[in-house]
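All remarks here apply to the structure that follows.
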Amino acid sequence: MAQQSPQELVDRALEGQQRAVARLISLVESGSKDLPEVAALLAPHTGRAQVVGLTGSPGVGKSTTTSALVTAFREQGKRVGVLAVDPSSPFSGGALLGDRVRMGDHAVDEGVFIRSMATRGHLGGLAWATPQALRVLDAAGCDVVLVETVGVGQSEIDVVSLADTTVVLLAPGMGDGVQAAKAGILEIADVFVVNKADRDGAGQTVRDLRYMMSLGERRDAWKPPVCRTVAARGEGVRKVAEAIDEHRAWLESSGEGPRRRRRRAENEIEAIGLEKVRARLGDVRGGAALETLAEKVVAGELDPYRAADELLDGL
């Protein structure tokens with residue numbers, strides 16, 4: 001099969017062809033030289049999808065909840081994309097694919113696109129290529145894109161810079177309440193979900209959440225709802241979907257939505273710029289300029305800060 005050009009791939013992705021969407025995301029993950037061209041072709045077709053991030057500690061049922069939300073949004077007639085960020089394999093560096101196994105019920109649905117992405121050492125619960133992969137799914141006609149983070153625990157807050165709506169999942173009996181509050185993960189939630197609500201202690205977890213919210217102050221006027229679910233049985237998931245839709249309506253009416261999208265674009269531009277700087281620094285490693293500066297630092301003729309300034313000036 002002949003290699004398809006970026007234009008051909010984008011044209012097919014805009015028609016919703018899943019194979020073309022998958023190929024474009026592969027280009028994103030591999031850091032292809034065609035990425036700038038692909039991004040330029042996609043740009044006029046982005047900005048419509050609702051991006052929902054799901055985060056929480058391992059074991060709270062993120063994958064099961066994501067799968068149940070896919071069903072709820074499909075019942076509304078929406079096209080759904082899922083970016084499930086998995087831990088990296090220590091052997092291949094690829095995603096371990098646990099999330100795709102759990103979401104097998106949607107494998108034959110043409111209105112759902114599921115992609116596992118490897119963190120490849122990136123901290124904060126997201127893969128470095130997630131923002132660009134989001135653009136692909138957005139342009140391909142997904143009404144909702146669910147971003148399920150890897151589950152690294154309390155530091156997993158990168159998703160808030162990427163999502164329109166952030167859903168934080170907790171489960172009774174896991175000690176999430178106090179520990180997560182200390183680390184700040186509760187502060188990023190737009191919607192709380194207490195999953196596995198058929199377990200003992202679910203009511204106490206809900207009360208703890210509401211008490212913690214009463215102690216803190218949010219930067220905006222939105223009051224996060226607390227939903228109870230048993231995602232494995234699909235119970236309560238429609239309420240979560242409704243809460244997400246209500247938050248989207250609030251984002252648009254309050255003006256917070258455009259602010260979040262602008263902030264997301266700023267973060268994406270900054271990340272790409274930093275990646276280009278790192279690439280250029282890699283080009284000079286082992287070069288004469290870096291070696292000369294290193295010798296001056298060792299000899300005490302130059303401090304490392306000034307040496308770094310000179311190195312950057314040379315770029």
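Numbers for residues simply follow the sequence, beginning at 1. Because the structure is predicted, anything quoted here is derived from the model rather than measured.
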Atom SG of Cys227 and atom CD of Glu242: how far apart are they, to the nearest 0.5 Å? 9.0 Å

Around atom CZ of Arg135, are there more than 12 heavy atoms of other residues, nucleotides or ligands at under 6.0 Å? no

Would Val136 and Phe113 count as a side-chain contact (heavy atoms from CB on, under 4.5 Å) here? Give the steps. CA-CA 11 Å; Val136 174; Phe113 183 92; over 6 Å; no

Is there a donor-acceptor contact under 3.5 Å linking the side chains of Arg207 and Gln204? yes

Can you give me the closest heavy-atom contact between Ser30 and Leu27, atom names plus distance? OG-O, 3.1 Å

Closest heavy-atom pair and its distance - Lys196, Gly61: CE-N, 4.4 Å

Would you confirm whether Thr66, through its side chain, and Lys62, through its main-chain N or O, come within 3.5 Å as a donor-acceptor pair? yes

Would you say Thr46's side chain and Ala43's backbone share a donor-acceptor pair under 3.5 angstrom? yes

At their closest point, which heavy atom of Val144 faces which heavy atom of Leu146, and how far apart are they? CG1-CD2, 3.9 Å

Are side-chain heavy atoms of Val237 and Thr65 found at a separation under 4.5 Å? no

Taking Gln18 for the side chain and Val112 for the main chain, is one N or O donor matched with an acceptor at less than 3.5 Å? yes

Just verifying a value: how many Å separate Asp109 CG and Arg79 CZ, rounded to the nearest 0.5 Å? 9.0 Å

So do the side chains of Leu134 and Asp138 get within less than 4.5 Å of each other, counting heavy atoms only? no

Using a cut-off of 6.0 Å, state whether more than 12 heavy atoms not belonging to Arg238 lie near its atom CZ. no

Gln50 side chain near Asp245 side chain, heavy-atom distance below 4.5 Å: yes

Using salt bridge (Lys or Arg N to Asp or Glu O under 4.0 Å) as the criterion, point out the one residue from Glu256, Glu266, Glu252 that pairs with Arg261. Glu252

I want to check something: taking the side chain as every heavy atom from C-beta on, are Arg248 and Asp164 in contact at a cut-off of under 4.5 Å? no

Heavy-atom neighbours of Lys78 NZ exceed 12 at 6.0 Å: yes

Count I, L, V, M, F, W, Y as connected when their side-chain heavy atoms are under 4.5 Å apart, and connections chain through other members. Are Val230 and Val193 then in the same cluster? no

Could you report the tightest heavy-atom contact between Ala197 and Arg228, atom names first, then the distance? CB-CB, 3.9 Å

Run Val194 and Val206 through side-chain contact (heavy atoms from CB on, under 4.5 Å) and show every step you take. CA-CA 7 Å; Val194 177; Val206 171; 3.8 Å; yes

Stepwise side-chain contact (heavy atoms from CB on, under 4.5 Å) check, Phe192 with Met213: CA-CA 11 Å; Phe192 287 110; Met213 282 192 288; 3.3 Å; yes

Spatial distance of atom CD (Glu8) from atom CZ (Arg23) [nearest 0.5 Å]: 12.5 Å

Please find the pair of heavy atoms, one from Leu251 and one from Arg260, that lie closest to each other, and give the distance. CD2-NE, 3.9 Å

Does the distance from a Lys or Arg side-chain N to an Asp or Glu carboxylate O, for Arg306 and Glu310, drop under 4.0 Å? yes

Ser254 OG to Arg259 CZ distance, which is reported to the nearest 0.5 Å: 6.0 Å

Dump the intermediate steps for side-chain contact (heavy atoms from CB on, under 4.5 Å) on Leu69 and Leu54, then the final yes or no. CA-CA 11 Å; Leu69 278 172; Leu54 291 97; 3.8 Å; yes

Sidechain N-carboxylate O distance under 4.0 Å for Glu270, Arg263: no

At what distance, to the nearest 0.5 angstrom, does OG1 of Thr166 lie from CD1 of Ile244? 10.0 Å

Heavy-atom distance under 4.5 Å between the side chains of Val60 and Asn195, does that happen here? no

Working to the nearest 0.5 angstrom, can you tell me the gap between Arg19 CZ and Leu9 CG? 11.5 Å

Regarding Arg12 and Glu15, does a basic nitrogen lie under 4.0 Å from an acidic carboxylate oxygen? no

Any donor-acceptor pair under 3.5 Å linking the side-chain atoms of Arg115 with those of Ser26? yes

A quick test of your reading: do over 12 heavy atoms of other residues, nucleotides or ligands sit less than 6.0 Å from CG of Asp313? yes

Give me the ring orientation class for Trp222 and Trp250: parallel if the planes are under 30° apart, tilted from 30 to 60°, perpendicular past 60°. tilted

Between Ala133 and Val28, what is the shortest heavy-atom contact and its length? N-CG1, 4.0 Å

Is Ile272 linked to Val277 within one hydrophobic cluster, defined over Ile, Leu, Val, Met, Phe, Trp and Tyr using a side-chain heavy-atom separation of less than 4.5 Å? no

Would you mind reporting whether Leu162 and Arg264 have side-chain heavy atoms less than 4.5 Å apart? yes

